[in-house]
Amino acid sequence: PGEKTTGRGKVYWGKTLDDVFRSMGVAPDVEISGRPGRSVPWIHRRIDAADVYFVSNQEDYPRMIDAAFRVDRKMPELWHADTGRIEPAATWKPTGDGRTTVRFRLEPRGSVFVVFRKPASATDPIAAVACNGQTLVGPAGPSTITIEKAVYGILDDPSRTIDVTRHVADHVARGHRSVRVWSTLGGDPAEGRVKTLRVNYQCDGKSMTASATDGQNVQFPTNAAPECPAGRVEIVDGQPTLVARKAGMFELETASGKRFLCDVADVPAPLAIEGPWTLEFPPNWDAPKSVTLDRLVSWPEHDNEGVKHFSGTAVYRKTFNIPANRFGKDKRLSLDLGHIAVIAEVTLNGRDLGVVWKPPYRVDVTGAARPGANDLVVRVTNLWPNRLIGDERKPPYLKWNPDGGPAEWPDWLADGGPVPETGRRSFTTWRHYEKDSPLLESGLLGPVILETLKVVPAVNLRLTSPRKSNLHL
């Protein structure tokens, strides 16, 4: 490696662009460190005097991001496109070299705009947070996944199945923890048919198998599951506020080295909302008017065929009690619905709490909840395949070619006549599924948990004498 001055410029060889820029004293525009997995994609735009960065998590597990932005003397804000919420970043610090480091959490496949538009000369921001001596840096990295065998196609027909082990293994080696099932895996061994990917693999030394059909994802487990940290810091009315999920000794350190302690001792344990649940279905879709669930299960696991093959919107109802000691100015209530397939509208005591469509499936219910009995309504909508698969068990509307296309068009379709009564609830011009195709996970799957969060304003934090700390951003 070397360099040579030529005229007004220089010629470099044997060095990367990063090496060249660093030798010139030019820091990276964004530098993200400390987290396992693939790099975090980002883009940067300048809008008038504001610097706007878009940062994206490409993984199926949450990540705590430490990002150094080449912006100085400005306060970072987090802009959330999915909710429209704008909040000051709670944990950040100037680095002293013309950059600002910001710590923030990105949920699975989540993203955020980091915006610098306001001066930060008068602030002493929180730079690090710990609980019981452990820095709250979010979840650990993913489990170790070793792919042993992956096949794709019509699994009971070897002539229409291909080996895609290398493709899946390469995908996982690049840091992915899910694989999209489609012909891009390595070709189409059964054109016009819905195919299945089956993967045999080792997860931290344990043998496991996963499968999914076209359009779905094979998801590999990770010990970076969407667990919430013990607490977080928010900016409320311009002041840092501790929001604790668990009891413990919390320590906050500012960029200037000030330390604040708070012993949080009275956080109520999470309240599990268990069965029975009432599940209601719309008429004329082969499902019963309602069923009672002693526990939450995916609709295809139910004994009733109408429930098993239902596609559309069904309504869960549950009345549960909240103790009076979970309410107060220093408390918040958060309803965690666990897992939903695939989208849901949530109402508590008649108040619309919005739509949840991605993890974490969680809503703030502080203003809607009340001591005593509470009425919860969750309207869940799934995808169409389960109904299409169920209809394949009934007489067909059309005759099909082997590739799944129509062999002929019936007269009633061409003439606009009445649809024959075969018991089917759907009509397609291509045969995407067979009667034995795997059904998709559907419904409210839970577990449903009510969390009580303890809110500690800045005025209640105890300032201690500055000292050198092990907390670092």
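Treat the numbers as computed from the prediction; the structure is a model and nothing was measured. We use all heavy atoms of the structure for the numbers below, so side chains are in, but hydrogens, waters and symmetry mates are not.
With a 6.0 Å radius and a threshold of 12 heavy atoms from other residues, nucleotides or ligands, R351 has its CZ atom at or below the threshold. The number of heavy atoms from other shown groups lying within 6.0 Å of CZ (R117) is above 12. The environment of K399 atom NZ is sparse: at most 12 non-hydrogen atoms of other residues, nucleotides or ligands sit within 6.0 angstrom.
Side chains of V380 and I343 form no contact here, defined as non-hydrogen atoms less than 4.5 Å apart. A heavy-atom distance below 4.5 Å is not found between the side chains of V199 and S211. At a threshold of 4.5 Å between non-hydrogen side-chain atoms, the residues L296 and Y316 count as touching. Under the 4.5 Å side-chain criterion, counting only non-hydrogen atoms from C-beta, E408 is not in contact with P406.
Atom CG in L353 sits 11.5 Å away from atom CD in E345 (nearest 0.5 Å). Here CG of N200 is found 8.5 Å from OG of S207. Values are rounded to the nearest 0.5 Å. Between the CD atom in E301 and the CG atom in D303 there is a gap of 10.5 Å [rounded to 0.5 Å]. Rounding to the nearest 0.5 Å gives a distance of 8.0 Å between CG of L440 and OG of S311. T101 OG1 to W92 CH2: the interatomic distance, rounded to the nearest 0.5 Å, is 10.5 Å. Atom CG in D436 sits 9.5 Å away from atom CD1 in I389 (nearest 0.5 Å).
Checking H309 against N386 by side-chain atom types alone, no donor-acceptor pair falls below 3.5 Å. Residues W79 and E77 have side chains that bring a donor and an acceptor to within less than 3.5 angstrom of each other. Judged by distance alone, the side chains of D391 and Y397 never bring a donor and an acceptor atom under 3.5 Å apart. For the residue pair T313/T381, the side-chain donor-acceptor check at 3.5 Å is satisfied.
Residues meeting the salt bridge (Lys or Arg N to Asp or Glu O under 4.0 Å) test with E148, sequence neighbours left out: none. With sequence neighbours excluded, the residues forming a salt bridge (Lys or Arg N to Asp or Glu O under 4.0 Å) with R46 are D51, listed by chain and number. Residues that satisfy the side chain to side chain contact (heavy atoms under 4.5 Å, CB included) test with A190, not counting sequence neighbours, are I154, R160, R193, K195. Applying the salt bridge (Lys or Arg N to Asp or Glu O under 4.0 Å) criterion to R85, with sequence neighbours excluded, gives E87.
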Report the C-alpha separation of I86 and V115 in whole Å, then their side-chain angles, then the decisive distance to 0.1 Å, and conclude whether the side chain to side chain contact (heavy atoms under 4.5 Å, CB included) test is met.
CA-CA 10 Å; I86 296 175; V115 180; over 6 Å; no
Start with the C-alpha gap between T165 and I147, add the side-chain angles, then the distance that decides, and say whether side chain to side chain contact (heavy atoms under 4.5 Å, CB included) holds.
CA-CA 7 Å; T165 304; I147 304 301; 4.1 Å; yes
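Using a distance-only test at 3.5 Å, with no hydrogens or angles considered, no donor-acceptor pair links the side chain of N401 to the main chain of D403.
Aromatic ring pairs are classed by plane angle as parallel below 30°, tilted from 30° to 60° and perpendicular above 60°; the pair F104 and F69 is parallel. Aromatic ring orientation, F54 versus F113: tilted (interplanar angle from 30° to 60°).
Applying the side-chain contact (heavy atoms from CB on, under 4.5 Å) test between L335 and each of N374, L271, V356, I273 identifies I273 as the sole match.
For residues 282-291, the side chain to side chain donor-acceptor pair (under 3.5 Å) pairs, not counting sequence neighbours, are D286-K394, D286-R425. Listed by first then second residue, pairs satisfying salt bridge (Lys or Arg N to Asp or Glu O under 4.0 Å) with a partner in residues 409-424 read E392-R424, not counting sequence neighbours.
With ring centers used as reference points, W412 lies under 6.0 Å from F427.
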